[in-house]
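The structure appears below as structure tokens.
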Amino acid sequence: MSYARRFAVGPVEVQVTSNEESVLDYLGEFYTATGAALPGHGWTVDAQVGLPEPDANTNQWGVSWRIDRSDHTIHLRAGAAESLSITARKCVREVLVDYCEQQRYTMLHASAVVDEALTIVVVGDKGSGKTTLALKAALRHGMRYVSNDHLIMYGRDGAGTLTLTSLPTLIPLKIGTFLDLESALPEPWDRDGLDVEAYRASSRSEVYSLDWRVLYTYRRLGHDNPITVDLGPRRSPVTTLIVLANYSPGDAGEPEPVADPVTELLAHVRTDWMFDPTLNQRYLPRAERGRDEYLADARRIVTALAERSTVVRWSHRSDPAPILEFAANRRLA
């Protein structure tokens, strides 16, 4: 039996064929299925449960892979459907990365949410509360989840455009955040071996210090991912708020304007994904920029983002309501 589906991955679509329907069901947890596969429609991932192909490459999960450039097909073979599914997900994701590399993208350590009137980008390193703020903005304030931790940005010189999208990855929720929001959350995609019941009787201060996590997909939360957000030309009214976030267990502070937003934002540009081969696994044949080129493009794109945005620094207590009120009062005009 052969199965085929087409998945939307932000600005691109990818076809997947398999002799194991569970592979396509697994991918449906991450990407939006748009219909049956169509011949000659972009890249195809052919993921088959079976013996490895002779002379094919083999990855760390024991999945053999081979590229057929003539018909834009990635051939995957594995004896275990689970390993095959994981590799197929990464190959589908890489088609998006390949497209973004052609646009000379950069990646920011940031979460992002959007509604009809406003885009909020929460920038910060691990522990700054990006996930919690974005998740609560989605659950309690009806915003759409754009990015959890890997915000992709690209735009062309002279075109006057800037687009935001996300690297489609899992959303890890720390046990404390999960217990706080459990009544509003669906069942996690994966509890990652965590016994949640063991922490229910613990004090919140104790639980908040733990780094144990449960895992969600965007689709499990009811959000398509990745989506694209076009910020428009520089002359447009400012409808983007960038928050340089810092979690503070005390009283939340007032948002403060940032004197040099470009320098501040450049400190949060991610180079790990681009240049760490254990993260940026390469299945597709593509040429990539060197570090100097990437950083030059990062400065150009970050400058374009700052020109379209109000940029503030904010110490928060994991509640996005004050920053949403700030945005409404300012009207970001």
Side-chain angles (χ1 to χ4, degrees), residues 22 25-32 82 85-86 89 109-115 118-151 166-227 243 245-253 314-327:
S22 66
D25 292 339
Y26 173 92
L27 293 176
E29 278 277 359
F30 293 86
Y31 311 119
T32 304
E82 181 179 5
S85 298
I86 293 170
R89 172 171 66 85
H109 210 117
S111 296
V113 289
V114 65
D115 62 16
L118 177 67
T119 300
I120 296 181
V121 177
V122 184
V123 181
D125 293 324
K126 183 177 179 180
S128 61
K130 300 185 303 298
T131 296
T132 302
L133 289 173
L135 184 61
K136 288 182 177 179
L139 293 175
R140 295 176 176 173
H141 300 277
M143 301 191 79
R144 297 178 69 190
Y145 220 139
V146 180
S147 169
N148 181 63
D149 201 27
H150 302 74
L151 183 66
S166 174
L167 185 75
T169 60
L170 290 164
I171 301 173
L173 296 191
K174 288 185 177 181
I175 180 63
T177 302
F178 173 73
L179 290 174
D180 283 347
L181 300 175
E182 186 175 13
S183 62
L185 288 167
E187 180 67 16
W189 178 75
D190 190 345
R191 291 178 180 255
D192 204 25
L194 180 63
D195 181 8
V196 173
E197 301 302 320
Y199 297 98
R200 293 194 187 280
S202 302
S203 68
R204 277 294 186 266
S205 60
E206 178 184 353
V207 173
Y208 288 151
S209 66
L210 301 175
D211 202 31
W212 297 108
R213 300 161 186 248
V214 299
L215 303 176
Y216 278 89
T217 63
Y218 289 84
R219 293 190 60 75
R220 183 63 61 100
L221 294 171
H223 293 253
D224 290 337
N225 178 263
I227 61 173
V243 181
N246 176 58
Y247 172 71
S248 173
D251 293 333
W314 183 46
S315 294
H316 66 91
R317 298 186 63 189
S318 300
D319 180 4
I323 203 68
L324 293 173
E325 182 179 359
F326 169 83

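Residue indices begin at 1 and follow the sequence shown. Predicted model only: the values in this text are computed from it and were never measured.
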Inset, instruction - Give, for atom CD of Glu206 and atom CD1 of Ile175, the distance between the pair rounded to the nearest 0.5 Å. - result: 11.5 Å

Legend entry - Side chain Lys130, main chain Ser111, donor-acceptor under 3.5 Å: no

Inset, instruction - May I have all residue pairs that pass side chain to side chain donor-acceptor pair (under 3.5 Å) and include part of residues 134-147, sequence neighbours excluded? - result: Tyr145-Asn148

Legend entry - Side-chain donor or acceptor of Asn225 paired with backbone N/O of Val146 under 3.5 Å: yes

Inset, instruction - For Trp314, look at atom CH2 and say whether over 12 heavy atoms of other residues, nucleotides or ligands are found less than 6.0 Å away. - result: yes

Legend entry - Trp189/Phe30 aromatic ring centres below 6.0 Å: yes

Inset, instruction - Determine yes or no for a side-chain-to-main-chain donor-acceptor pair under 3.5 angstrom, with Arg220 supplying the side chain and Glu29 the backbone. - result: no

Legend entry - Side-chain donor/acceptor of Arg191 to backbone N/O of Val196, under 3.5 Å: no

Legend entry - Side-chain donor-acceptor contact under 3.5 Å, His316 with Asn246: no

Legend entry - Leu324 side, atom CG; Asp319 side, atom CG - distance, nearest 0.5 Å: 8.5 Å

Inset, instruction - Supply the atom-to-atom distance Asp149 CG to Ile171 CD1, rounded to the nearest 0.5 angstrom. - result: 10.0 Å

Legend entry - Counterpart residues, side chain to side chain donor-acceptor pair (under 3.5 Å), relative to Ser202 (two or more places apart): none

Inset, instruction - Say whether, by atom type as modelled, one donor and one acceptor occur between the side chain of Tyr199 and the main chain of Leu194 under 3.5 angstrom. - result: no

Legend entry - Distance (rounded to the nearest 0.5 Å) between Leu27 CG and Ile86 CD1: 11.0 Å

Inset, instruction - Please name the pair of heavy atoms, one in Ser128 and one in Ala245, separated by the smallest distance, quoted to 0.1 Å. - result: CB-O, 3.5 Å

Inset, instruction - Would you please say whether a donor-acceptor pair under 3.5 Å links the side chains of Thr177 and Arg213? - result: no

Inset, instruction - Find out whether Phe178 and Val207 are in side-chain contact, i.e. whether some heavy atom of one side chain is under 4.5 Å from a heavy atom of the other. - result: no

